**Q** 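The structure under discussion is supplied below as structure tokens; questions concerning it will follow.
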Amino acid sequence: CIRDRYQRRVHGEGAVNFPNISTPAIPIGQHRVLHCHKNQPGVLKDVNELLAAAGNITYQQLGTTEDVGYLVMDVAAEFGDDLKEKLEALPQTIETRILY
């Protein structure tokens with residue numbers, strides 16, 4: 001299904017005012033976390049602390065512009081909506097999506 005393939009890959013290539021990222025497909029049995037945030041020191045540390053508590057981070061890529069950071073992570077664990085709520089509560093978060 002084309003929709004499924006699109007959702008399982010992330011492409012920011014050619015985007016204007018957004019970090020340039022191209023990622024592989026999500027491995028079977030893992031979940032992808034997409035975190036768009038203000039590009040400020042300490043965000044990666046805060047996000048990694050939350051995700052490390054949820055499970056093993058198997059893939060991570062960060063792209064930034066002067067103002068925006070876009071973090072893509074694959075996690076080998078089951079977790080609930082509380083993780084998204086915790087990420088959304090970070091003051092630098094712009095938007096968070098989790099692909100199951």
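These numbers were taken from a predicted model, which means no experiment stands behind them.
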**Q** Side-chain polar contacts of residues 80-90 - donor-acceptor pairs under 3.5 angstrom, sequence neighbours left out - could you list them?
**A**
| unit_1 | atom_1 | unit_2 | atom_2 | d |
| --- | --- | --- | --- | --- |
| Lys84 | NZ | Thr96 | O | 3.4 |
| Glu88 | OE2 | Thr96 | N | 2.8 |
| Glu88 | OE2 | Thr96 | OG1 | 3.4 |

**Q** Which atom names give the shortest non-hydrogen contact between His37 and Tyr70, and what distance separates them?
**A**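 Looks like CE1-N, 4.0 Å.
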**Q** Measuring from atom CD of Gln61 to atom CG of Leu71, what distance do you get when rounded to the nearest 0.5 angstrom?
**A**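 That separation rounds to 9.5 Å.
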**Q** Output the distance between atom OG1 (Thr23) and atom CG (Leu34), rounded to the nearest 0.5 Å.
**A**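 Spacing of OG1 (Thr23) from CG (Leu34) equals 8.0 Å.
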**Q** Does a side-chain heavy-atom distance below 4.5 Å link His35 with Thr93?
**A**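 The answer is yes, as the side chains (C-beta and beyond) meet within the 4.5 Å cut-off.
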**Q** Mind checking side-chain contact (heavy atoms from CB on, under 4.5 Å) for Thr58 and listing every partner two or more places apart, or none if nothing turns up?
**A**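 In terms of side-chain contact (heavy atoms from CB on, under 4.5 Å), with neighbours along the sequence ignored, Thr58 is linked to Gln30, Asn56, Asp74, Ala76.
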**Q** What heavy-atom pair brings Pro19 and Thr65 nearest, and what distance separates the two atoms?
**A**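 Heavy atoms of Pro19 and Thr65 come nearest at N-CG2, 3.6 Å.
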**Q** Write down the atom of Ser22, the atom of Tyr59, and the distance for their closest heavy-atom approach.
**A**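 Residues Ser22 and Tyr59, closest heavy atoms: O-OH, 4.4 Å.
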**Q** Is there a side-chain contact between His31 and Glu78, using heavy atoms and a 4.5 Å cut-off?
**A**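 SC-SC contact between His31 and Glu78 confirmed.
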**Q** What heavy-atom pair brings Ala77 and Ala54 nearest, and what distance separates the two atoms?
**A**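 The answer is CB-O, 3.2 Å.
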**Q** For the residue pair Asn39 and Asp67, establish whether any side-chain heavy-atom pair is separated by less than 4.5 Å.
**A**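 No - every pair of side-chain heavy atoms lies 4.5 Å or more apart.
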**Q** Please lay out, stage by stage, how Val43 and Lys38 fare under the test side chain to side chain contact (heavy atoms under 4.5 Å, CB included).
**A** CA-CA 8 Å; Val43 176; Lys38 297 173 189 170; over 6 Å; no
**Q** Suppose the criterion is side-chain hydrogen bond (donor to acceptor under 3.5 Å, both in side chains): which pairs have a residue in residues 43-52, not counting sequence neighbours?
**A**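 Counting only pairs at least two positions apart or across chains, the side-chain hydrogen bond (donor to acceptor under 3.5 Å, both in side chains) contacts touching residues 43-52 are Asn48-Gln60.
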